[in-house]
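Everything numeric in this text was worked out from a predicted model, so none of it was measured. These numbers come from the heavy atoms of this one structure, side chains and all, not from hydrogens, waters or symmetry mates.
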2 protein chains.
Amino acid sequence: MNLEKIYHYIDTHKENHFEKLKKILMQPSVSPQNIGIQECAELVAHYFEDLSCETEIFETEGNPVVYGKYHTGAEKTLLAYFMYDTQPYDEPGWTHPPMEATLAPLELPSGHVTALFNRGAINTKGPMMTLLNAVESIQKTEGDLPFNLLLVAEGEEELGSPHLPDFVEARKAELQKADAAVFPFYLQNTKGKVELFLGVKGIIYFELECSGKLWGRGPTEFGIHGSNKAWVDSPAWRLIHALSTLTEDNGNTVLVDHFYDDVAPPSPEDEELIRKLVETFDPEPFKQTAKVEKFVIDEKNTEQLIKKLLYTSTLNIDGIWGGYTGEGSKTLLPHKATAKIDIRLVPNQERDNMLPLVRQHLDTNGYTDVKIRVLDKGYNWSKVSVKEPVAQAMIRTCRNFGYEPEVWPHLAGSAPFYLFSTVLNIPYVSGALGHGARAHSPDEYIVYEGNEKVLGLDGAQKSMVAFLDEWLKG
Amino acid sequence: MNLEKIYHYIDTHKENHFEKLKKILMQPSVSPQNIGIQECAELVAHYFEDLSCETEIFETEGNPVVYGKYHTGAEKTLLAYFMYDTQPYDEPGWTHPPMEATLAPLELPSGHVTALFNRGAINTKGPMMTLLNAVESIQKTEGDLPFNLLLVAEGEEELGSPHLPDFVEARKAELQKADAAVFPFYLQNTKGKVELFLGVKGIIYFELECSGKLWGRGPTEFGIHGSNKAWVDSPAWRLIHALSTLTEDNGNTVLVDHFYDDVAPPSPEDEELIRKLVETFDPEPFKQTAKVEKFVIDEKNTEQLIKKLLYTSTLNIDGIWGGYTGEGSKTLLPHKATAKIDIRLVPNQERDNMLPLVRQHLDTNGYTDVKIRVLDKGYNWSKVSVKEPVAQAMIRTCRNFGYEPEVWPHLAGSAPFYLFSTVLNIPYVSGALGHGARAHSPDEYIVYEGNEKVLGLDGAQKSMVAFLDEWLKG
């Protein structure tokens with residue numbers, strides 16, 4: 001590919017690419033609240049068709065998967081995986097409107113940038129459009145694509161991709177023909193450093209609910225006057241005590257029997273990656289972005305901190321509620337209370353093994369009435385070797401742009417990559433250059449105009465082109 | 001007083017009295033959410049003026065107290081205390097619209113009635129209008145009132161009456177001239193039995209909040225991606241563990257040191273009342289109305305159950321919230337979590353002693369960062385002797401209507417009656433006949449058309465007239 005020409009195309013189509021991104025960012029697609037999903041799927045399909053893909057809106061029992069195929073008869077086939085759904089944007093704390101794609105100055109540790117604020121900017125409509133715009137730029141400049149392309153955009157990632165396996169099963173024969181998969185994402189942190197993750201943790205997500213109805217004690221149908229606490233039991237107190245048995249007082253060590261049994265130590269390849277990581281890893285950008293002052297362990301022991309992040313299986317309270325939560329003082333004895341919990345799975349924990357352990361723990365501790373409501377069957381963990389050509393292509397791309405990537409054994413977050421690595425047996429990599437942050441938080445953003453260290457939107461697109469070129473040469 | 005004539009007036013003015021009640025019920029006056037307070041105060045003032053009272057809207061630093069005086073030069077003076085504020089009505093579970101004063105059939109254990117559903121129906125606009133309509137009926141029939149009347153309607157009872165003490169202090173000289181106070185309330189339960197309470201528990205109400213900002217650990221400014229739980233602490237888990245130290249696993253026994261130190265055993269007069277209570281007390285109507293199946297102790301031991309209700313000082317979770325509480329699965333490590341707590345005070349617990357004990361407990365257990373936010377300074381407990389003439393007048397009234405009242409030493413709920421019994425040194429009683437329920441719950445109601453056992457609105461007004469007559473006769 002003639003990279004110079006393609007980069008020129010990107011430079012001269014910046015406005016056009018930005019408009020396409022803006023349009024999809026401003027299209028709500030909140031899967032947890034079922035807002036705008038269908039409209040967004042249609043927009044994604046429209047974008048796939050614009051790239052001359054044979055496009056299918058694959059209906060599932062949940063939200064559709066948008067599937068695009070572009071066959072050139074080339075030797076290699078790339079599978080690109082996206083999600084077109086996002087988290088809700090109704091939480092407080094946004095200083096920019098969450099759905100108006102606002103461009104505004106932002107000071108990063110690497111200097112001044114212009115950021116694009118919107119729900120889904122980094123997670124993951126920005127990176128998705130980066131790949132689609134890169135493909136368009138290649139097509140328009142080169143006349144055609146020098147590889148076959150399979151585009152898979154799901155609309156339920158934020159729900160734990162409950163129906164993506166159905167799609168993968170239905171199109172398995174085609175999908176398996178891919179030589180590699182790519183998940184477009186921005187790999188730079190606030191200082192411009194590139195962080196490349198060779199896998200993900202698994203996750204399961206559920207609610208624990210204690211109710212008078214299930215318990216047979218306390219108010220069974222509605223909250224009653226708080227003065228009755230003297231002679232009526234409290235489901236809210238019961239949930240508190242049930243939860244308190246799940247972890248040590250620090251909230252970090254899980255007390256569920258056998259919870260950590262399957263946790264594997266880092267592999268030799270991981271240990272080697274960690275040895276290099278220790279030299280470059282800097283927790284400051286994360287602390288600054290997330291407004292976190294202290295870690296669960298002393299951050300000066302960098303190796304331990306990295307291992308803590310990567311190899312700790314967690315039981316997290318995502319949310320809790322019960323009774324009167326408004327202003328002022330309403331006295332109430334609530335009839336139920338609920339907590340949302342996620343468990344992160346590290347190698348070699350199997351997703352299907354974990355909930356029975358939690359059930360067993362609750363039962364053993366006398367909380368047989370506390371209900372587990374599965375919201376999200378979740379994913380298994382997934383990893384690929386750093387030696388895979390697709391991973392090496394991403395590493396070379398970063399170097400070509402002047403960045404020595406910090407290669408992480410895997411990410412602490414979760415994604416359905418096990419479908420590629422395990423179900424389809426395809427190696428994959430996350431990429432491009434660029435920076436964004438505050439996924440799932442207010443003021444989610446990506447960098448639109450970068451600085452010397454952090455690439456902006458055009459740079460991100462160029463890096464994606466370069467990666468594709470490296471992978472082809474690969 | 002010519003009771004027959006007054007009753008006839010009540011019978012012939014039923015529609016008119018109902019319209020006045022309906023009007024004030026449909027006027028929102030939600031003090032915890034500051035909705036409609038001023039409008040409701042003005043309506044109350046208007047009603048006081050209709051009774052020829054010299055009326056003052058006494059401004060406080062919070063919501064106004066509406067104060068009405070009617071001096072006839074009679075020998076005796078009655079102080080009537082009301083609240084014109086209500087709890088919020090935005091909770092789920094209403095089958096009738098909460099603010100449309102709906103009349104609808106209701107099956108009680110005592111038989112069929114027509115109930116009036118509205119927020120504030122029983123707590124306490126229904127009983128307030130019962131007294132005001134009774135006074136009007138006497139004035140119109142007798143030509144004048146045979147006693148002086150002081151009407152005090154506050155608009156912050158549901159906030160813990162934070163400014164009522166200021167009013168009482170400012171008008172102390174006038175208020176102290178009252179010979180007795182009455183708090184209009186409906187004393188009949190679903191079976192028609194009369195329950196008379198000679199006092200109230202005290203209450204304090206506060207929030208416990210754990211935040212990353214105060215703790216210095218965890219996310220400090222906003223919720224962050226849940227995957228960070230592996231290396232960042234959780235304020236939500238911290239609140240759970242802090243709360244769990246406050247009670248035994250049953251949620252009923254408080255573990256705060258010295259919490260129960262000042263709890264007095266029942267007085268000899270109370271023990272005598274309880275001996276009688278045991279013979280007539282039936283927990284069924286409460287269980288049926290509140291949809292409660294089991295008590296904290298075996299209900300067959302009636303004496304213990306009654307004592308549990310009356311002499312237990314409780315630490316109740318009124319509400320709890322933190323993190324993502326919407327639909328579906330948003331992964332989040334919340335930066336704070338909060339619980340609303342009320343403590344009920346029994347003789348001889350002093351309100352000002354309790355919060356320091358909770359603070360001391362949290363500090364001793366290492367939770368120095370957990371914030372106590374006082375929402376409601378609360379009330380002390382209050383009791384009057386059954387021997388007081390005003391109590392005896394209410395008891396005689398019930399008997400005259402064919403009901404042997406079940407006399408309770410005090411109520412498990414709370415009200416600012418200590419202002420009367422302790423600050424002004426005036427004996428008081430709660431009354432009238434009639435029935436209502438579901439205070440602070442969906443489908444709050446009073447009975448509009450009664451049956452053979454439960455009086456309707458006209459009967460309630462007649463009983464109030466009869467009580468005033470008995471009290472005058474002394």
Side-chain angles (χ1 to χ4, degrees), chain A residues 32-33 87-88 93 159 205 216-217 219-222 224-227 229-234 236-238 240-241 243-244 247 249 251 290-296 308-309 312 314 316-332 342 375-376 412-413 439-442, chain B residues 32-33 87-88 93 159 205 216-217 219-222 224-227 229-234 236-238 240-241 243-244 247 249 251 290-296 308-309 312 314 316-332 342 375-376 412-413 439-442:
Chain A
Q33 299 171 339
Q87 283 287 337
L159 305 178
Y205 199 112
R217 303 188 75 91
T220 59
E221 296 203 8
F222 41 74
I224 63 175
H225 196 283
S227 64
K229 181 69 210 74
W231 65 355
V232 178
D233 296 281
S234 162
W237 269 122
R238 185 162 178 80
I240 296 298
H241 285 287
L243 287 172
S244 76
T247 76
D249 290 352
K291 304 291 182 193
V292 162
E293 289 162 15
K294 279 203 187 78
F295 292 96
V296 300
K308 191 87 194 162
L309 177 63
T312 303
T314 54
N316 175 50
I317 296 176
D318 301 273
I320 185 166
W321 72 100
Y324 181 66
T325 59
E327 286 296 303
S329 52
K330 173 174 182 167
T331 79
L332 193 75
D342 76 274
L375 293 183
D376 188 334
H440 297 206
S441 295
Chain B
Q33 299 171 338
Q87 283 288 336
L159 304 178
Y205 199 112
R217 303 188 77 89
T220 59
E221 296 203 7
F222 41 76
I224 63 176
H225 195 284
S227 63
K229 180 69 210 76
W231 64 357
V232 178
D233 297 280
S234 163
W237 268 123
R238 186 162 177 81
I240 297 296
H241 285 288
L243 287 172
S244 76
T247 74
D249 290 352
K291 304 290 181 194
V292 162
E293 289 162 15
K294 279 203 186 78
F295 292 96
V296 299
K308 192 86 193 163
L309 177 63
T312 304
T314 55
N316 175 48
I317 297 176
D318 300 274
I320 185 167
W321 71 101
Y324 181 65
T325 59
E327 285 297 303
S329 53
K330 173 173 184 168
T331 80
L332 194 75
D342 77 273
L375 293 183
D376 188 334
H440 297 207
S441 295

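- Proximity to chain A (any heavy atom under 4.5 Å) is shown, for B:F295, by both the backbone and the side chain.
- The greatest number of non-hydrogen atom pairs below 4.5 Å with chain B, out of A:S244, A:G323, A:A412, is found for A:S244.
- In plain terms, the two heavy atoms of A:L332 and B:H440 that are nearest each other are CD1-O, 3.7 Å.
- For B:T331 against A:Y205, the heavy-atom pair with the smallest separation is CG2-CE1, 3.7 Å.
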**Request:** For B:T312 and A:W231, run side-chain contact (heavy atoms from CB on, under 4.5 Å): C-alpha distance rounded to whole Å, both residues' side-chain angles, the deciding distance at 0.1 Å, then the answer.
**Result:** CA-CA 8 Å; B:T312 304; A:W231 65 355; over 6 Å; no
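- The residue among B:A439, B:G226, B:G413, B:P442 with the most heavy atom pairs within less than 4.5 Å of chain A is B:G226.
- With chain A as the partner, the residue from B:T314, B:V232, B:D233 showing the most heavy-atom pairs under 4.5 Å is B:D233.
- Ranked by heavy-atom pairs under 4.5 Å with chain B, the list A:K229, A:E327, A:K294 is led by A:K229.
- Note on A:G216, A:A236, A:G322: by heavy-atom pairs under 4.5 Å with chain B, the leading option is A:G322.
- The greatest number of non-hydrogen atom pairs below 4.5 Å with chain B, out of A:H225, A:R217, A:R238, A:K330, is found for A:K330.
- For the set B:G251, B:S329, B:P32, the count of heavy-atom pairs under 4.5 angstrom toward chain A peaks at B:S329.
- For the options A:D249, A:L159, A:I224, heavy-atom pairs under 4.5 Å to chain B are most numerous at A:D249.
- The choice from B:G319, B:S234, B:A230, B:G328 that makes the most heavy-atom pairs within less than 4.5 Å of chain A is B:A230.
- Interface check for chain A: of the options B:L375, B:V292, B:I317, B:I240, the most heavy-atom pairs under 4.5 Å are formed by B:I317.
- Heavy-atom distances place both the backbone and the side chain of A:Y324 under 4.5 Å from chain B.
- Interface summary for chain B: among A:D318, A:D342, A:T247, the most heavy-atom pairs under 4.5 angstrom belong to A:D318.
- For a residue to count as touching a neighbouring chain, one of its non-hydrogen atoms must lie under 4.5 Å from one of that chain's; by this rule B:Q87 touches chain A with the side chain only.
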